[in-house]
Student: 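Got a structure here, written out as structure tokens. Questions coming.
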Amino acid sequence: MKLFFYNTLTRKIEEFRVKTSKIAKLYTCGPTVYHYAHIGNLRTYIFEDLLRRTLQVFGYKVIHVMNITDVGHLESDEDSGDDKIILSALREKKTPLDIARYYENFFLKDCNSLNLLKPTIICRASEHIEEIQYMIHQLIDKNYAYIIDGNVYFDVARFNNYSQLSRAKLHDLSSNSRVDFDHRKKNQKDFVLWFSNSKFQNQIMRWDSPWGRGFPGWHIECSAMATKYLGEYIDIHCGGVDHIPVHHTNEIAQSDACFNHQCVNFWMHGEFLILDKNKMSKSKNNFLTLTNLKEYGFDPAHYRYLCLGTHYRSQMLFNFESLKMAKSTLESLKNRIIDWKSELKNKNADKSIAGKKKEYLNRFYAALSYDLNIPTILSVLWEFVKDGEISVNDKLSLINEFDLILGLGLTEHIKPELSEYLIQLIKKREELRKQKKWNCSDKIRQEIENSGVMLKDTENGTDWYLKY
RNA sequence: GGUGCUGUGCCCGAAUGGUUAGGGGGCGGUCUGCAAAACCGUUUACGUUGGUCCGAUUCCAAUCAGCACCUCCA
């Protein structure tokens, strides 16, 4: 079965093809580690994880590279803003490197708890200064960059089709009044490759270079590292939609100029998560983290499930009501799976109607292959979950298959152990029920339920499940 | 001003030119000592106005409303 994805470059859904047979080279833009990742950031990483899992399920060996930007970045290329890592360091009275490592670590833990597959290679910008400088050299040699006052700028006018990805008009961009004017630039759309003459003269994170002691501009590290680990041809490059107009536009300019050909085949972008009709933004200080959600009693898996319900190219409205729905849905699914497992132990497996299982699988692959339609997959999932013509055995095997993509750890989920105290209480209540002492047994049930365990009385005795 | 997106039932949220999305919630019922879970039923869906068509929520046009990006941000 073929894969089709929406390519930002062409604004069309196209058949996915790779350069090297059966190998998919995937680059995803990673975090700048100056703060905690918020759930909007994480939505994009979840989208990328779904993409990666899809590629794998369709038989590709995926080489997945993600960068960690740990060299401080200015607010903008115009050298007018603040270096975020430095600011964090000042705020927290630590060294910039401490800050970067701390947030990097935290970020990776978040990814882990969301069950995101670990990239094949995670690379830090600070450890690739040599590669970055090498690429800048090449761009200067090829006349795509110029040096003024110790800074190196990319010359946008020299690069054809600069706005291919964003489809913005150059003159409109340059007339944007909100961008500070930089007199050193030939063209206001030119962007920095290397800073040695920045207002941060005392910056700790600086490296020697032929152009002066300084640090790289914001876009070059992705181009340099992507090339180092994936070569001149990259099958898919991902990020958030905000990267389309500037960051990815500049990456294309740098890389394609350097190698004289198109380096990236597919550009895919995850839409934003919207909070109270506003984008979540670190600078506006209105953001929620995974830790916040945990404080409200939600698991990372609940958030992941919530994200699965909205297509990656649609804006997703976040509110706690929806998150609560996601939680109920996921927990009830897990409880069903536990029931199926014990059912399987207790009686002989019944047979499904022939071909039914395959039909569900086909619908699953069809939805997946057409631009990652995960919401449809969820509806297919719920259909077979409630389908009486499918055996429990087949349901479990389908769940397994679906979860390779969904990544919710559905089948790993096992029934937790109860404390001895609660087990005794349940037994005692069963005795009382046999004696039809309803008042006493109901009191005990109340006590058990107060500790978060719900009871169900069946023909085979009392069963229980965790309240959610 | 430029680039793009969206408008679906009580809520979240898909697909689709004609046939049930799915989930959550509410209500009614079955079951139960009572519950719970499960199951069954129910809850007048496609922003507005035109057009194309045998037929439009789905295509086209206009219109209204909302959103994002163009500035560090996923």
Student: Can you check each nucleotide of nucleotides 25-40 of chain B against protein heavy atoms at under 4.0 Å and return B for base, S for sugar-phosphate only, - for none, in 5' to 3' order?
Tutor: --------BBBBSSS-

Student: Checking Asn319(A) against Ser322(A): is there a side-chain donor and acceptor pair closer than 3.5 Å?
Tutor: yes

Student: Using whole Å, report how far OH of Tyr305(A) lies from P of G13(B).
Tutor: 14 Å

Student: Which whole number of Å gives the distance between the P atom of C53(B) and that of G47(B)?
Tutor: 23 Å

Student: Over how many whole Å does the gap from His243(A) atom NE2 to C70(B) atom P extend?
Tutor: 10 Å

Student: With a 4.0 Å cut-off, would you call Arg304(A) and Asp299(A) a salt bridge?
Tutor: no

Student: Let's go through Tyr36(A) and Phe106(A) carefully: what are the C-alpha distance in whole Å and the side-chain angles of both, what is the deciding distance for ring pair (Phe, Tyr, Trp, His ring centres under 6.0 Å) to 0.1 Å, and is it a yes or a no?
Tutor: CA-CA 7 Å; Tyr36(A) 298 107; Phe106(A) 210 96; 4.7 Å; yes

Student: Once you apply a heavy-atom cut-off of 4.0 Å, does Glu48(A) come out as touching a base, just sugar-phosphate, or nothing?
Tutor: nothing

Student: Using the P atom in both, what is the distance from C11(B) to U43(B), to the nearest Å?
Tutor: 16 Å

Student: Measuring only the P atom in each nucleotide, how far is C54(B) from U71(B)? A whole number of Å is fine.
Tutor: 50 Å

Student: Give me the residues of residues 306-315 of chain A where at least one heavy atom lies under 4.0 Å from an atom of RNA chain B, by number, or none.
Tutor: Gly309(A), Thr310(A), His311(A), Ser314(A), Gln315(A)

Student: Salt bridge check, Asp394(A) against Lys356(A): does any charged N sit closer than 4.0 Å to a carboxylate O?
Tutor: no

Student: Whole-Å distance between A74(B) C1' and Leu116(A) CG?
Tutor: 13 Å

Student: Under 6.0 Å between ring centres, would you say that holds for Tyr229(A) and His128(A)?
Tutor: yes

Student: Are Asp339(A) and Lys395(A) within salt-bridge range, i.e. N to O under 4.0 Å?
Tutor: no

Student: Between atom CE in Met316(A) and atom P in C67(B), what is the gap in whole Å?
Tutor: 19 Å

Student: Testing His243(A), His248(A), Arg313(A) one by one against His269(A) for a side chain to side chain donor-acceptor pair (under 3.5 Å), which residue passes?
Tutor: His248(A)

Student: Indicate the ring-plane relationship of His35(A) and Tyr103(A), choosing parallel, tilted or perpendicular according to the 30° and 60° boundaries.
Tutor: tilted

Student: Could you work out the separation of U8(B) and G2(B) based on their C1' atoms and round it to a whole Å?
Tutor: 30 Å

Student: Between Asp49(A) and Arg52(A), does at least one N-O distance fall below 4.0 Å, as a salt bridge requires?
Tutor: no

Student: Tell me the interatomic distance from His247(A), atom NE2, to C70(B), atom C1', rounded to whole angstroms.
Tutor: 17 Å

Student: Expressed in angstrom and rounded to an integer, what is the separation of Asn319(A) atom CG from C12(B) atom P?
Tutor: 7 Å

